[in-house]
Amino acid sequence: MRLNIKIALLVCLGVVTAAAGFVIFRHRDSAVVRQDACANTAPSYWYDPMRPSEHFDKPGRSPLMDTQLVPKCTEPKGGVSAAGAAGASTESKPQYWYDPMHPAERFDKPGKSPFMDMQLVPKYAKDAAPGSIAVDSRVVQNLGLRLAKVEEGSFARVVDTVGSVGVDEHRIEAVQVRQSGWIERLDVRAAGDSVRRGQLLAGIYSPDLLATQQELLIALGSNDPKLVEAARRRLALFGLSEVQIARVEKTQQVERRVDYYAPFDGYVMDLGARQGAEVQPGTMLFQLADLNSVWITAEVPETQAAWLKPGDHAEVEVPALPGERFEGQVDYLYPELTQATRTLKVRVVVKNPHKHLRPGMFAAAHFHSMRQDHALTVPSESVIKTGMRSFVIVADDDTHFRPTRVRVGAEQGGRSEILEGLTLGQNVVSSGQFLIDSEANLRGAFDNLAGSNESRGAAAEPMMMPAPSMKPPTGNH
């Protein structure tokens, strides 16, 4: 029994001795780190460069962001503090030093930032690029971030707009009187009536026409070819067809009326005279329209009008015919904008053999411009638009993110065309980028990035987001 107690006491003594040695070793190592960080002087405290108001009493990694804490050293008289070399005691030599609040500015030696009251931070080859934001992996998981790759593929600009069905004005024909007379017969008496090709429309009595027919019969009796040809031409000018002239010559009988027939299948758009009315040369009897093809006049926003050109494919749908699609082509882009709506009228010709499309119908038009086979695209939800500029959050790795300014083109099927700013294969944040903005204070990074991307000699753009305060926060913990 006593032997077991002695053994237990010896084991406990060994554990206590090992623990004490570990604590002494850690304390000595921490003291060495504190001493070496500020060139053999003890730092006042350590802080996170992205949260300078938070102070810590020992070195290590920031619990707020995945970055190394920077020592706050007591600056010696008349010179640059050696504390600026914090982190320089690593295995590799720093490439340069930078201010975390102004990552675009680089310095070739350590010291205090000329912009903020803080020490410059060394940049090593293995570190993330300046301007990137390091987020703890646990925070990334909690935010539920989703990444998407920059892809290359076919991309076409699609314009969805509305319009109306109208008559194809190239298929409108007027029937007019060429001699004075009276309407003795009118078979079509209402606008909107349908007509068939060859259908009799009206018959007009004309004294001048009777006299000209008599001249033709006299010329035939004289056997003078020149007189016969002259009489035939006069009858043709009065509107008689070759069939009617041949009938007069064959029957040797004059016709009291001039008959007018429908030249095609269509309907009467306008009726210009009534039964028994007197008519004069130039009087319009009928205005006929052919509906074998119709025009869709669509209103395209002026910002998208440049995407279209004659010959582009178009699809048309009308609410009156659900489920039916009509194919057509862009025939003409009108030269003037509609001032009230800032839209351009675009004319689409659509075949209408079954007469399903009727003038006046409301229509939805979908235009497909020429496809691009090597366009870079990202999910549209990845793009952060600030008004005059657009950004995406690029993921350098699983925990480092940086804002990148991009130039966005068209949108199609939930994806946006990237004209400038990204390369194929990069990872971008497609969900949770606004939470990164809140967590890592990307507002300052956006402004710094804009300043680094633009020419230093050019005039600065107006800021779309507030810049971070230039005064260091106060308050100690």
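Each residue takes its place number in the sequence, starting with 1.
When atom types are taken as modelled, the side chain of Gln244 and the backbone of Ser241 share a donor-acceptor pair closer than 3.5 angstrom. Although no hydrogens or angles enter the test, the distance criterion places no donor-acceptor pair under 3.5 Å between the side chain of Asp270 and the main chain of Gln287. Between the Arg274 side chain and the Arg189 main chain, a donor and an acceptor come within less than 3.5 Å of each other. Counting only distance, with no hydrogens or angles, the side chain of Ser380 and the backbone of Gly414 share a donor-acceptor pair below 3.5 Å. Checked by atom type and distance alone, the side chain of Ser390 never pairs as donor or acceptor with a backbone atom of Lys385 at under 3.5 Å. Between the side chain of Asn427 and the backbone N or O of Leu147, no donor-acceptor pair lies under 3.5 Å.
No more than 12 heavy atoms of other residues, nucleotides or ligands lie within 6.0 Å of CD in Glu336, so this atom counts as exposed by the packing criterion. Counting non-hydrogen atoms of neighbouring residues, nucleotides and ligands closer than 6.0 angstrom, the NZ atom of Lys355 exceeds 12 such neighbours. With a 6.0 Å radius and a threshold of 12 heavy atoms from other residues, nucleotides or ligands, Arg342 has its CZ atom above the threshold. A 6.0 Å sphere centred on CZ of Arg197 holds no more than 12 heavy atoms belonging to other residues, nucleotides or ligands. Applying the 6.0 Å contact sphere to CD of Glu242 captures no more than 12 heavy atoms from other residues, nucleotides or ligands.
Arg347 meets the salt bridge (Lys or Arg N to Asp or Glu O under 4.0 Å) test with Asp331; sequence neighbours excluded.
Side chains of Ser382 and Ser430: no donor on one and acceptor on the other come within 3.5 Å.
Here the side chains of Thr212 and Phe238 are in contact, with some heavy-atom distance below 4.5 Å. Looking at heavy atoms from C-beta onward, Ile204 lies in side-chain contact with Val177 at the 4.5 angstrom threshold. The shortest side-chain heavy-atom distance between Ile296 and Val165 falls under the 4.5 Å cut-off. Annotation: side chain of Val300 is not in contact with side chain of Thr343 (no heavy-atom distance under 4.5 Å). Side-chain contact between Thr338 and Lys345 is present, with heavy atoms from C-beta onward closer than 4.5 Å. Taking 4.5 Å as the limit, every side-chain heavy atom of Asn292 sits out of range of all side-chain heavy atoms of Phe264. The closest side-chain heavy-atom distance from Leu201 to Leu288 is below 4.5 Å. No side-chain heavy atom of Leu344 sits less than 4.5 Å from a side-chain heavy atom of Leu308.
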Worksheet item: When you look at Phe401 and Ile393, which way does the side-chain contact (heavy atoms from CB on, under 4.5 Å) test go after all the steps?
Response: CA-CA 6 Å; Phe401 307 90; Ile393 306 299; 3.8 Å; yes

Discussion item. The test is side-chain contact (heavy atoms from CB on, under 4.5 Å); show your working for Glu327 and Glu315 and say whether it passes.
Written reply: CA-CA 5 Å; Glu327 306 290 331; Glu315 293 182 352; 3.7 Å; yes

Item to complete: Show the numbers, then the answer: is there a side-chain contact (heavy atoms from CB on, under 4.5 Å) between Thr404 and Phe391?
Response: CA-CA 5 Å; Thr404 299; Phe391 295 89; over 6 Å; no

Practice prompt. Would you sort out whether Met361 and Val294 count as a side-chain contact (heavy atoms from CB on, under 4.5 Å), showing the intermediate values?
Written response: CA-CA 11 Å; Met361 280 184 171; Val294 294; over 6 Å; no

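Rounding to the nearest 0.5 angstrom, the gap separating the CD atom in Gln179 from the CG atom in Leu210 is 10.0 Å. Rounded to the nearest 0.5 Å, atoms OH (Tyr267) and CG (Asp193) are 12.0 Å apart. To the nearest 0.5 Å, atom CD of residue Gln275 and atom CH2 of residue Trp182 are 14.5 Å apart. In this structure, CZ on Arg402 lies 4.5 Å from CG on Asp396, to the nearest 0.5 angstrom. Rounding to the nearest 0.5 Å places OG of Ser206 at 11.0 Å from CZ of Arg256. The NE2 atom of His313 lies 10.5 Å from the CZ atom of Phe367; values are rounded to the nearest 0.5 Å.
Nearest heavy-atom pair across Ala202 and Phe286 is CB-CE1, 4.1 Å. Nearest heavy-atom pair across His368 and Val158 is ND1-CG2, 3.8 Å. Smallest separation of non-hydrogen atoms from Pro263 and Glu173: CG-OE2, 3.5 Å. In plain terms, the two heavy atoms of Gln304 and Val159 that are nearest each other are OE1-CG1, 3.3 Å. Heavy atoms only, all atoms of each residue included: Ala363 and Val318 are closest at CB-CG1, 3.9 Å. Heavy-atom minimum distance, Ala298 versus Ala365: CB-CB, 4.2 Å.
Aromatic ring orientation, His170 versus Trp295: perpendicular (interplanar angle above 60°, classes split at 30° and 60°).
For the side-chain contact (heavy atoms from CB on, under 4.5 Å) test with Leu216, the passing option among Leu227, Val248, Leu240 is Val248; the others fail.
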